[in-house]
> 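Here's a structure for you.
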Amino acid sequence: MASTTFSATRNYALRPTMTVSDNSDRLKDVSSLKGSIFAKKRNNKAASDLTVTNVATCLPAIIPSPEKEMATDRIHAAWTSIRQERWEGELDVEGEIPLWLSGTYLRNGPGLWHIGDYNFRHLFDGYATLVRLHFENGRLIAGHRQIESEAYKAAKKNKKLCYREFSEVPKQDSFLSYVGELASLFSGASLTDNANTGVVKLGDGRVVCLTETIKGSIVIDPNTLDTVGKFEYTDSLGGLIHSAHPIVTDTEFLTLLPDLINPGYLVVRMEPGTNERKVIGRVNCRGGPAPGWVHSFPVTEHYVIVPEMPLRYCAQNLLKAEPTPLFKFEWHPHSKGFVHVMCKASGNIVASVEVPLFVTFHFINAYEEEDEDGRVTAIIADCCEHNADTSILQKLRLQNLRSYAGEDVLPDAKVGRFIIPLDGSPYGKLEAALDPNEHGKGMDMCSINPAYLGKKYRYAYACGAQRPCNFPNTLTKLDLVEKKAKNWYEEGAVPSEPFFVARPGATKEDDGVVISMIAEKNGGGYALVLDGSTFEEIARAKFPYGLPYGLHGCWVPKN
């Protein structure tokens with residue numbers, strides 16, 4: 001069995017040297033990776049090796065994909081499958097992590113994009129990889145692990161796709177088996193439980209990984225990253241899909257359940273400590289043959305905002321064995337776009353307005369606009385809006401991401417600001433909250449200070465663009481009052497979602513840090529910590545190897 005050792009250079013790079021025994025194949029060498037990385041350097045003393053003893057060394061081999069046969073300079077670390085199922089160790093930190101930063105940042109996302117020699121087609125297809133960054137006393141312990149969904153375990157056992165992913169459908173041996181697979185689709189049995197999109201900490205402390213299928217709700221242990229089991233909803237609401245991004249606070253869990261049969265959305269709430277969803281109210285769709293995709297939605301202090309996007313779910317596309325240009329969706333511009341506002345307390349719809357056509361994955365925040373007498377006159381809802389251009393879905397195919405040749409092919413995006421009047425007007429507005437040139441006309445993957453959820457706010461953190469590019473490649477701090485942006489950029493880097501953690505006791509909105517994970521074009525990667533106020537780098541810590549691009553995260557404070 002191979003052993004791997006990492007040695008430091010002056011700039012803290014981790015340089016692997018591998019010894020391979022004659023009877024070990026190359027995959028087992030990767031899967032059994034263990035090593036020593038570096039204890040944090042203190043008081044200007046030389047870094048000393050820290051042997052990691054808690055790394056699993058007898059893991060099942062990850063089967064190599066054709067991408068591994070390519071030259072390392074031809075495929076970016078962000079789009080390369082994870083090199084092993086599990087790893088953990090302490091990282092050497094360059095700079096200073098604030099001593100007050102005490103807790104765990106968890107990031108979820110697709111990290112394994114192949115089964116055997118078959119490569120998946122889309123960024124959203126990959127099997128979930130959970131990454132953990134634990135901060136304590138200025139030190140950083142990192143680790144990652146595959147989430148053991150039924151879809152992942154079945155693929156590993158059978159060496160083939162067994163459940164329907166975002167763009168992938170299991171290949172059937174005969175027409176009759178395909179008919180049987182369609183029957184299981186209607187029951188939900190063939191839908192994936194691959195929880196590769198988000199991770200949330202519930203008010204009762206449980207940590208749940210999520211995707212858009214309801215069955216893809218999986219409880220994990222935030223300390224070990226072990227898969228604990230399914231999060232089973234105990235109500236009778238049923239349904240197959242829900243919003244991938246619920247609104248989660250210490251006091252409630254809000255989400256949307258699209259109704260594909262009688263087009264509309266159920267708005268539901270779940271109390272901490274329970275698994276029971278209760279209906280707040282229902283929104284009927286105003287246009288189109290099906291509800292619009294609701295990957296995310298915003299709330300204010302008193303209202304739930306339900307977007308009805310003209311990019312709508314399509315049952316016919318779901319049934320097909322090969323992906324259509326818009327995968328499980330269809331673009332229906334003639335059906336128009338709408339935004340609905342529901343009262344949290346009563347479930348009554350207080351506004352339902354037509355808005356310009358829009359395409360968005362992620363809402364940033366929303367708040368209530370008041371007049372001088374304190375009466376709510378409008379709802380302001382901000383999102384990462386792709387200029388009503390559905391081509392962003394095709395741009396996220398792995399072939400497009402891996403074949404970047406320097407052309408500027410990332411579709412334009414802006415901070416879209418919906419203005420929804422509450423005076424009975426039938427129309428709302430959609431405008432740019434600031435000049436898109438401030439962030440390179442690229443915008444997605446956003447976070448805010450959670451204390452400002454549903455309230456008037458000034459700052460947001462997202463990924464923008466340094467052109468030319470084919471994917472968001474900057475970290476961006478948005479000032480929505482001054483209408484300015486600060487951008488962090490490193491050539492060839494692909495940063496994941498910037499996540500804001502407030503300093504305990506802070507009184508200023510941007511008093512805290514921003515955490516991101518960076519994948520490098522040379523195959524490496526590192527954790528990055530920026531000052532939330534100045535947006536200057538204060539610390540980074542090199543990973544032993546580059547991690548694939550991840551999606552969304554959450555913060556679990558130290559008890």
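As a basis for the values below, the full set of heavy atoms in this structure was taken, side chains included, without hydrogen atoms, waters or symmetry mates.
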> Under the 6.0 Å and 45° cation-pi test, does K395 pair with F471?
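No cation-pi geometry.
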> Between NZ of K230 and OG of S217, what distance do you get to the nearest 0.5 Å?
8.0 Å
> Can F253 and T274 be said to form a side chain to side chain contact (heavy atoms under 4.5 Å, CB included), step by step?
CA-CA 10 Å; F253 175 107; T274 76; over 6 Å; no
> Please determine whether a side-chain nitrogen of the Lys or Arg among K156 and E85 lies less than 4.0 Å from a carboxylate oxygen of the Asp or Glu.
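E85 and K156: salt-bridged.
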> Is it the case that the side chain of D479 and the backbone of A485 share a donor-acceptor pair, with hydrogens and angles ignored and the cut-off at 3.5 Å?
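No; judged by distance alone, with no hydrogens or angles, the pair does not exist.
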> With side chain to side chain contact (heavy atoms under 4.5 Å, CB included) as the criterion, how do L311 and L393 come out once you've worked through the C-alpha distance, each side chain's angles and the decisive distance to 0.1 Å?
CA-CA 11 Å; L311 183 62; L393 279 171; 4.1 Å; yes
> Run the salt-bridge test on R397 and D125 with the 4.0 Å N-O cut-off and return the result as yes or no.
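Here R397 does not pair with D125 in a salt bridge, since their nearest N and O are not under 4.0 Å apart.
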> Do side-chain atoms of N348 reach the backbone of V350 as a donor and acceptor pair under 3.5 angstrom?
no
> Just say parallel, tilted or perpendicular for the rings of F166 and F327, cut-offs at 30° and 60°.
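It falls in the tilted class, 30° to 60°.
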> Are the charged groups of E150 and K215 less than 4.0 angstrom apart, N to O?
no
> Contact between C314 and K328 at the side-chain level, heavy atoms closer than 4.5 Å - yes or no?
no
> At what distance, to the nearest 0.5 angstrom, does OH of Y127 lie from CG of N194?
6.5 Å
> Please verify the inter-ring angle class for H295 with H362; under 30° counts as parallel, over 60° as perpendicular, anything in between as tilted.
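Answer is perpendicular, since the angle exceeds 60°.
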> Can you tell whether the side chains of R121 and E165 come within less than 4.0 Å, N to carboxylate O?
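Judged by the 4.0 Å cut-off on N to carboxylate O distance, R121 and E165 do not form a salt bridge.
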> According to the interplanar angle, ranging from 0 to 90°, do the rings of F418 and F358 count as parallel (below 30°), tilted (30 to 60°) or perpendicular (above 60°)?
perpendicular
> Inspect the contact between E431 and R417 and indicate whether a charged nitrogen and a carboxylate oxygen are less than 4.0 angstrom apart.
no
